[in-house]
Structure formats: C-alpha cells, structure tokens
Amino acid sequence: MLDPRLLKTDPDHLVAALAKRGVSVDLSQFLALDEQRKRLQQETEQLQNERNTRAKTIGKAKAAGEDVAPLLAEVSGLGDKLDAAKTALADVQQAFNDAWIQLPNLPQECVPAGKDEKDNVELRRWGTPTAMNFKPRDHVELGEHEATTGLAMDFAAATKLTGSRFVVMRGRMARLHRALIQFMLDQHTQQHGYEEVYVPYIVNSDSLMGTGQLPKFAEDLFHLEGEQDYYLIPTAEVPVTNLVRDEIIAAEKMPLKLVCHTPCFRSEAGSYGRDTRGMIRQHQFEKVELVQMVRPQDSDAALEELTGHAERILQLLELPYRTMQLCGGDMGASAARTLDLEVWLPSQDCYREISSCSTFEDYQARRMQARWRNPETGKPELLHTLNGSGLAIGRTLVAIMENYQQEDGTVHIPAVLVPYMGGVTTL
RNA sequence: GGAGGGGUGGCAGAGCGGUUGAAUGCACCGGUCUUGAAAACCGGCGUAGGCUAAUAACCUACCCAGGGUUCGAAUCCCUGCCCCUCCGCCA
C-alpha cells in the first residue's frame with residue numbers, strides 16, 4: 001500500500017511513477033473521497049465530543065443526587081445522528097481504502113519505463129553459454145533417457161496421480177533435487193549470514209493481504225475448502241515476511257536476514273499454453289527464499305547484496321546467467337525495483353528466469369504494519385522488506401541437466417554438489 | 001470432539017457501568033546525589049487520525065476482533081479468533 005499522504009505531498013511524482021508501469025491514475029476520485037472523509041470525520045468527532053461531554057454531565061449530576069430526567073431528554077436523538085455520521089464515514093473510508101490498496105508500488109527512479117519483458121535491461125552477464133558440439137536435449141528428454149536411471153523424471157506418472165504441471169522424480173534425480181535444497185540452505189546460512197526458518201505452508205488471508213497477493217491476485221492461489229479461510233502458499237515470501245506483521249523490531253536486531261525452503265503452490269491460471277512442457281512451470285515446486293527486513297536507508301544496498309547471494313549460487317554451480325533490471329510494466333505490483341536472474345538453457349537457446357529479487361520499500365510494511373524502532377527518533381517507523389529466490393529448485397535442476405549434459409545423454413553433477421550426492425558424479 | 005478458565009500499555013498485573021488512556025511494579029529516558037557506578041529520590045514514558053506554523057495546546061479513536069444494550073462500556077450481552085487446563089482421539 002502506498003502512503004496516502006503522497007496524494008497531497010507529491011501527486012505529480014505519484015502519477016509519473018505509476019505511468020512507468022503503464023498505469024494511469026485519476027487522482028481526482030481519491031481527492032474527492034478524501035475531502036468527504038475529512039468532512040464526515042470532523043462531523044462525527046464533533047458529535048462524539050458532544051455525547052461524551054453530556055454523558056459526563058449526567059454522571060456527575062447522578063452522583064450528586066440530582067434529577068437527570070431533563071438531561072436525558074436533551075440527548076435524545078443524538079445517538080441516531082451519531083450512528084448515521086459514523087456509517088457515512090465508514091463507507092467513505094472503505095471506498096477510499098478499497099481503491100487505494102489497488103495501486104501498485106512506485107517504481108524507483110532507476111527503473112526504466114516499459115510494457116513487458118522486452119523492455120527489461122540487461123545489467124551484466126556471468127559465464128558464457130555452454131558450448132556443445134551436438135544438439136542439446138531438453139531436460140524432459142534427458143529425464144526420461146535410458147542413460148540416466150530411466151524415467152528419473154516421470155511426467156506421465158504425475159499426470160495420473162494428479163494432473164498436468166506436476167512431476168514425479170526417482171532415484172538420483174530425486175536426490176539431486178534434494179541436494180540442491182541442502183546446498184543452497186547451507187550456503188546462505190553459513191556464508192551469507194541468513195537464519196534458517198521453518199514455516200507453515202498454509203496461511204490465512206491476512207498474511208496474503210500483507211504481502212500483496214490479495215486482494216488482487218486471488219486467481220493465482222490455491223484456496224482450501226473448509227471453514228477456515230486458508231490458502232496454500234505461492235512462495236515462502238508470504239509466511240516469512242509476515243513474521244514481522246504487526247511487530248515493532250528493535251533496532252539492534254536489524255537487519256533481519258531469513259532463508260527458508262518451502263514448496264510453492266501456484267494455480268497458474270492465465271498461463272495456459274505457456275511452458276507446458278517439463279518442469280519450468282509447475283503447480284508445485286520447491287524454492288529456497290531469501291528475505292530481509294532492513295532499515296529504510298539500507299534497502300537499496302540490501303537489494304544488491306541479496307541479489308548477489310542468489311547469483312553466488314549460480315556461480316558455484318557454474319551456470320551461465322545474466323542479471324536483468326525489470327522495466328515498470330514487468331514488475332510485480334508490490335515491488336519498487338526488481339532484478340531477475342536468468343539462467344542459460346541450451347535447449348531453448350536463451351536465458352530463462354530462475355530468480356527474482358525485489359525491494360518493496362515500505363509498500364508491504366505499510367500493509368502489514370511492520371515497523372522498527374528508530375533510535376534517532378525513538379519512534380516506531382515502517383521498515384523495508386526485500387526478498388528473492390535463492391533459487392527456484394526445479395528450474396535449477398533443469399539448468400543443471402541441460403548445461404551439464406553429455407552427448408550420450410548422461411548428466412554430470414556440478415562439483416559443489418558431489419558431496420551432497422554421496423560422491424556420485426553422474427546422473 | 002467434550003468440560004472449564006482466560007485475552008488490558010514493551011513486560012508483569014489491577015480495574016469489572018460514570019472525572020480510567022487506564023492503578024501498581026519492572027524495563028526505558030532525563031535529573032539530583034556520587035570521584036565513577038549502584039542504590040535512593042524527583043520527573044518523564046503508547047499508537048493513530050483531526051485541527052495547527054508547531055514534534056505546543058485541544059479534539060477523536062484504540063483495553064483480541066466484530067456486533068448489541070446504555071445518556072455513558074476496558075467493565076454487561078452475543079458472535080468469531082486466539083491462548084491455557086483437564087478428558088477423548090491421533091502422526
């Protein structure tokens with residue numbers, strides 16, 4: 001949620017920044033609602049003041065043993081007037097909030113305007129696309145190839161068990177998948193200073209409101225049947241970031257750096273026909289997520305740091321990648337700036353997203369009322385939140401298979417993972 | 001699933017229909033004292049919104065959440081959520 005004060009303090013910037021996303025806002029509706037709100041609030045508060053004053057008078061009179069009947073007669077009708085004013089005020093506030101919460105975050109100064117991924121800007125590359133003197137197979141072919149353990153990656157079985165966009169893995173493939181999780185968690189906790197957390201994979205709607213998946217993006221989520229309003233998490237970002245919802249964090253505990261492995265569940269509504277083959281886009285996938293809560297003045301540096309931590313994983317796995325600065329139109333609604341990491345996929349002869357690292361500044365924090373106590377002012381102030389994949393496990397597995405494949409259909413194991421594979425060097 | 005007890009300021013814990021935004025203690029901040037520290041003593045110490053030049057004063061709201069009763073609710077009633085104890089069931 002944006003700071004409503006922007007409406008008065010910097011409306012031009014508000015409009016210009018949102019335009020970079022291709023979003024045009026009409027501020028007049030907000031200004032009109034705010035005017036109404038102000039008027040109704042003053043009216044309501046005045047009535048409340050009158051009621052309070054008179055109630056006190058009656059209390060005193062009664063204590064003094066006086067006859068309060070005439071005083072009671074005077075206040076008749078006040079209650080109804082107050083109720084009406086309160087209702088009108090609540091309606092206007094609701095209308096304002098409903099509309100205001102729909103506004104996406106303001107992109108930072110450095111974010112280029114643009115419509116979609118074609119307008120993203122490449123910041124840097126690491127490694128060179130893997131050279132192959134044969135036609136590379138894609139990970140589906142490799143996963144089903146006899147040279148590996150045979151049907152190590154079984155999409156048909158998953159379709160039988162559930163439906164499309166799921167996978168069954170066996171043997172070394174399943175172990176490699178698990179090894180990636182362990183490796184990433186170890187790297188982030190031991191080398192990058194993150195604390196590992198374990199969280200629920202089912203959350204309530206308040207949490208999804210806090211990080212911005214609701215109210216706008218309900219169709220992307222799996223909603224559970226039952227009396228409780230529960231959802232499967234689409235990313236660890238939701239439970240982990242919401243740890244600070246309604247909290248005031250002591251300054252000396254900042255920054256909070258948390259790493260969390262969870263499965264992620266996404267309905268992928270609206271992605272029909274896209275990436276239908278293989279493990280690129282699944283309803284269920286594993287991810288190791290990096291989350292930071294930092295002082296506002298530190299969030300820009302923290303985004304660079306966090307992105308670097310994700311990049312480090314790719315470097316250790318020796319996977320060629322590039323770092324992209326997303327344009328306004330391609331960023332998620334809550335983000336102020338997003339850097340995507342794209343890994344080289346030989347079968348597709350292009351780079352594909354494997355990590356997305358964002359700073360939300362105070363956009364999520366305002367929704368969550370997540371604050372820290374600023375020692376300079378002694379006051380609770382909104383903190384800044386960031387997160388990024390470090391990395392998406394399924395896509396990393398795909399990248400390893402495709403980049404480490406041999407002509408005979410076998411796949412080498414990246415050196416750094418061999419200890420996690422019990423010494424096995426080939427899939 | 002059954003039976004009971006609770007949810008009050010950073011924490012602990014009073015209040016149980018009227019001048020209570022809320023006693024008291026702890027923690028925290030400032031001061032006096034002290035060579036320094038501690039102790040003792042004095043003072044301060046919530047959040048949000050409105051008004052405003054103001055981080056002053058004043059007004060409003062907030063004692064889990066949402067409804068209700070009342071001139072007046074932290075206090076009474078209803079619903080929900082959460083926590084605790086006991087019984088049952090269970091990985």
Side-chain angles (χ1 to χ4, degrees), chain A residues 1-9 30-98 100-101 198-210 214 223-224 226-231 239 242-254 256 263 293 296 362 365-383:
Chain A
M1 188 167 70
L2 294 173
D3 187 346
R5 279 175 293 204
L6 281 172
L7 206 48
K8 285 164 224 162
T9 57
F30 289 110
L31 289 166
L33 282 169
D34 194 52
E35 272 311 307
Q36 275 189 62
R37 192 214 85 233
K38 228 170 177 173
R39 211 192 65 238
L40 287 166
Q41 184 169 339
Q42 286 173 20
E43 190 183 319
T44 307
E45 291 188 354
Q46 200 186 330
L47 285 167
Q48 284 171 323
N49 179 230
E50 189 177 342
R51 180 204 60 196
N52 292 346
T53 312
R54 287 179 183 272
K56 271 181 192 170
T57 312
I58 292 170
K60 281 182 190 166
K62 216 168 180 181
E66 295 168 21
D67 177 20
V68 296
L71 290 171
L72 287 177
E74 278 178 40
V75 295
S76 72
L78 219 182
D80 289 343
K81 265 164 75 181
L82 220 188
D83 282 347
K86 272 184 178 171
T87 307
L89 176 61
D91 287 349
V92 169
Q93 279 175 328
Q94 184 80 50
F96 183 92
N97 289 340
D98 286 352
W100 189 256
I101 205 168
Y198 171 84
V199 295
Y201 303 154
I202 295 174
V203 293
N204 57 34
S205 53
D206 285 345
S207 294
L208 290 158
M209 282 284 192
L214 290 178
H223 190 190
L224 301 184
E227 289 177 26
Q228 244 96 17
D229 196 22
Y230 284 166
Y231 296 80
N242 274 279
L243 286 171
V244 296
R245 172 153 54 88
D246 296 322
E247 299 289 337
I248 299 171
I249 309 298
E252 55 271 22
K253 286 193 178 167
M254 307 272 281
L256 285 174
M293 291 81 169
D362 61 11
R366 184 169 293 104
R367 285 186 170 208
M368 289 192 297
Q369 281 303 298
R371 295 171 294 176
W372 70 299
R373 197 171 289 278
N374 184 346
E376 285 174 27
T377 60
K379 299 279 184 195
E381 295 173 10
L382 294 173
L383 48 74

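To find a chain, count down the sequence lines: A is the first, B the second, and so on, and within it residues start at 1.
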Let me know, please, whether I248(A) or L72(A) comes out on the 5' side of the other along RNA chain B by nearest nucleotide. I248(A)

Between R54(A) and E50(A), whichever has its closest RNA chain B nucleotide further toward 5' is E50(A)

Do K8(A) and D34(A) make a side-chain contact, defined as non-hydrogen atoms from C-beta onward lying under 4.5 Å apart? yes

If we only count heavy atoms from C-beta on, is the N242(A) to M368(A) side-chain gap below 4.5 Å? yes

Taking any strand in view, what nucleotide pairs with [N] in a Watson-Crick or G-U wobble way, both distances under 3.5 Å?
| N | value |
| --- | --- |
| rG4(B) | rC84(B) |
| rU60(B) | rA48(B) |
| rC16(B) | none |

Short side-chain N/O contact to [N] OP1/OP2 from [X], under 4.0 Å:
| X | N | result |
| --- | --- | --- |
| N52(A) | rG72(B) | no |
| Q41(A) | rU60(B) | no |
| R51(A) | rA61(B) | yes |
| N49(A) | rC59(B) | no |

Just the rounded figure in Å: distance from C1' of rC62(B) to CG of L89(A). 15 Å

Nearest whole angstrom, please: distance from the P of rC11(B) to the CD of E247(A). 10 Å

Counting the atoms with a prime plus P, OP1 and OP2 as sugar-phosphate, which does [X] contact under 4.0 Å by heavy atoms, base, sugar-phosphate, or nothing?
| X | result |
| --- | --- |
| R37(A) | sugar-phosphate |
| R371(A) | sugar-phosphate |
| K62(A) | base |

For E45(A) and Q41(A), which I'm curious about, is there any donor-acceptor pair between the side chains at under 3.5 Å? yes

With a sphere of 6.0 Å drawn around CD of Q46(A), does it hold more than 12 non-hydrogen atoms of other residues, nucleotides or ligands? no

Which value, in whole Å, describes the distance between the [atom1] atoms of nucleotides [N] and [M]?
| N | M | atom1 | result |
| --- | --- | --- | --- |
| rU34(B) | rC41(B) | C1' | 14 Å |
| rC81(B) | rG25(B) | C1' | 31 Å |
| rG68(B) | rA73(B) | C1' | 11 Å |

Smallest separation among heavy atoms of H223(A) and Y230(A), with atom names: CD2-O, 3.0 Å

